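Inspection log for the structure reproduced underneath, given as structure tokens.
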Protein chains: 2
Amino acid sequence: MKSHKSDDTPHQEQLFIDPLIHVPTRFRILSNLYLVGWVDFLFLRNLTGLTKGNLSSHLIKLEEAGYVLIKKEFVNKISRTTISLSDSGREAFNLYRKNMKIMLDEIPE
Amino acid sequence: MKSHKSDDTPHQEQLFIDPLIHVPTRFRILSNLYLVGWVDFLFLRNLTGLTKGNLSSHLIKLEEAGYVLIKKEFVNKISRTTISLSDSGREAFNLYRKNMKIMLDEIPE
DNA sequence: GATTTCTGGTTTGCGACACAAACCGATTTG
DNA sequence: CAAATCGGTTTGTGTCGCAAACCAGAAATC
């Protein structure tokens, strides 16, 4: 019979844990965005406690993955960036949480 | 009154997600060790699918944290390393899983 | 017995990454 | 007008995860 990876943990081989979301900083960003609609950059910085440089570089990564939408506009001649979770970002976030729970529960306590 | 980090998510600020365990490779090592007693290096390599170099460097980190016990011996003049999860490693692993679940469940779906 | 190959594990080099300070262009303040 | 502040981006650096290269010793081959 063809040799397999261990058959009694079929999920373990198949579970995809999104490394983009698995980084605690990005998880935190996404979980804040999950609860609000559009939020501006400075407010998100305050919510997450990140530095501007840090937040900016993570948002770029999340935007590149299509997980967030970034809108830039000028309000009274002042630059203003707002961020929102995209539909695919919301799905990815829920899938991450689902798969993580499965992974965590596979091992008895 | 002294300003606080957001009072409506008290857990989020206090939850400790152990970065040592949060790395998927190390989580995998620990979850395999969780289920068996002492396991030898090569068998653990087979269970986890890691390269020898990768497994070795992660085991060193886990040993430095006191999460695993490493025993080296000679069997028929051949080097043999066996690894086991320590009591504090077991506790840390369970705490990691508990805190991760809380973090994952804090946000509604 | 000498040489070559294999073994069990360690060490090393490198590409990728997370982070925050430095920076930029524009606005506000004195 | 100069200096300070603002909203955000860019950059440099330290750390990290990974697997190939390496090591010492045993086994296999000649």
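As the structure is a computational prediction, the values presented were derived from the model and not from experiment. Proteins get letters first, then strands, A, B, ... in listed order; numbering begins at 1 in each.
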- A:L50 near the nucleic acid: base, sugar-phosphate alone, or nothing, with a heavy-atom cut-off under 4.0 Å? nothing

- Message: Less than 6.0 angstrom separating the ring centers of A:F93 and A:F27, yes or no?
- Response: yes

- Heavy atoms of A:I17 and A:M103 approach each other most closely as CG1-SD, 4.0 Å

- Give one of base, sugar-phosphate or nothing for B:R26, where a contact means two heavy atoms less than 4.0 Å apart. sugar-phosphate

- Query: So what does B:L42 touch, heavy atoms closer than 4.0 Å: a base, only the sugar-phosphate, or nothing?
  - Reply: sugar-phosphate

- Taking the side chain of B:S56 as heavy atoms from C-beta outward, which of C:dT10, D:dG8, C:dG9 is closest to it? C:dT10

- Check salt bridge (charged side-chain N to carboxylate O under 4.0 Å, His left out) between B:K61 and all other residues, then give those that pass, not counting sequence neighbours. none

- For residues 62-70 of chain A, which residues have at least one heavy atom under 4.0 Å from DNA chain C? none

Output side-chain donor-acceptor pairs under 3.5 Å for residues 62-80 of chain A, partner residues at least two apart or in another chain, one line each.
{"residue": "A:Y67", "atom": "OH", "partner": "A:D18", "partner atom": "OD2", "Å": "2.5"}
{"residue": "A:E73", "atom": "OE2", "partner": "A:R80", "partner atom": "NH1", "Å": "3.4"}

- Task: Under 4.0 Å between any heavy atoms, over every strand shown, what does B:T51 touch: base, sugar-phosphate, or nothing? Just pick one.
- Result: base

- Message: Once you apply a heavy-atom cut-off of 4.0 Å, does B:K77 come out as touching a base, just sugar-phosphate, or nothing?
- Response: sugar-phosphate

- Between B:D105 and A:R97, is there a side-chain N and carboxylate O pair less than 4.0 Å apart? no

